[in-house]
Amino acid sequence: MEHTHEVVIKMPALGEAQLYDLADLFKIFGDSTRLGILFSLIEGEKKVCDIADSLGMTLSAISHQLRTLKQARLVKTRREGKNIFYSLDDDHVSGILRAGMAHILE
């Protein structure tokens, strides 16, 4: 008989302000363009023009969404000369995306 050990992580009690912040975070994920940008950045850092090309969108539309993603601390930038490269802010972002995909593919 196989034994499985489930790890239980107790979640802290959340205050009203934290619940609003979490709701705001999930609103950011509620836009298919922003999700497309985030998924393209799972592959690694990219310039705006590369993201726009991969999604078939204008530079302006992508730049607008990147601004929103940066304000939400989901993406970060790195400057190299005149070029600005975008990448996912940290491993939490890719974890959220992967967990969401795993959930809808079940």
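These numbers come from a predicted model, not from an experiment.
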dist His64:NE2 -> Leu69:CG (nearest 0.5 Å) comes out at 10.0 Å
Asp91 atom CG, over 12 foreign heavy atoms within 6.0 Å | no
In terms of heavy-atom contacts, Arg34 and Lys27 come closest through NH2-O, 3.6 Å
Closest non-hydrogen atoms of Ala52 and Leu59, given as atom of the first, atom of the second and distance, are CB-CD2, 3.9 Å
Sorted by chain and number, sequence neighbours left out, side chain to side chain donor-acceptor pair (under 3.5 Å) with Glu80 holds for Arg78
Exercise for the section: Find out if a path of hydrophobic residues (ILVMFWY) with successive side-chain heavy-atom gaps under 4.5 Å connects Val75 to Met57. Expected result: yes
Flag side-chain contact, heavy atom, 4.5 Å: Leu88 against Ile42: yes
Residues passing the side chain to side chain donor-acceptor pair (under 3.5 Å) test with Lys76, sequence neighbours excluded, are none
d(Asp24 CG, Ile28 CD1) to nearest 0.5 Å is 7.5 Å
Glu45 and Ser87 have their tightest heavy-atom pair at CB-CB, 3.8 Å
- Are Phe29 and Tyr20 linked, directly or through other ILVMFWY residues, by side chains that come within less than 4.5 angstrom of each other? no
Q. Taking the side chain as C-beta and beyond, is there a heavy-atom pair between Ile96 and Leu74 under 4.5 Å?
A. no
Could you go through Val48 and Ile84, starting from their C-alpha distance and side-chain angles, then the distance that decides it, and tell me whether this counts as side chain to side chain contact (heavy atoms under 4.5 Å, CB included)? CA-CA 8 Å; Val48 177; Ile84 298 176; over 6 Å; no
Rounded to the nearest 0.5 Å, the CG atom of Asn83 sits from the NZ atom of Lys47 at a distance of 4.5 Å
Separation between OG (Ser63) and NZ (Lys70), nearest 0.5 Å, reads 12.0 Å
Taking the side chain as every heavy atom from C-beta outward, state whether Ile51 and Leu41 have any atom pair closer than 4.5 Å.
yes
Worksheet entry | Thr33 vs Ile37 side-chain heavy atoms within contact, under 4.5 Å | yes
query = Got Leu35 and Leu97 here, is their nearest side-chain heavy-atom distance under 4.5 Å?
reply = yes
Smallest heavy-atom separation, Leu14 atom then Gln18 atom, equals CA-OE1, 3.4 Å
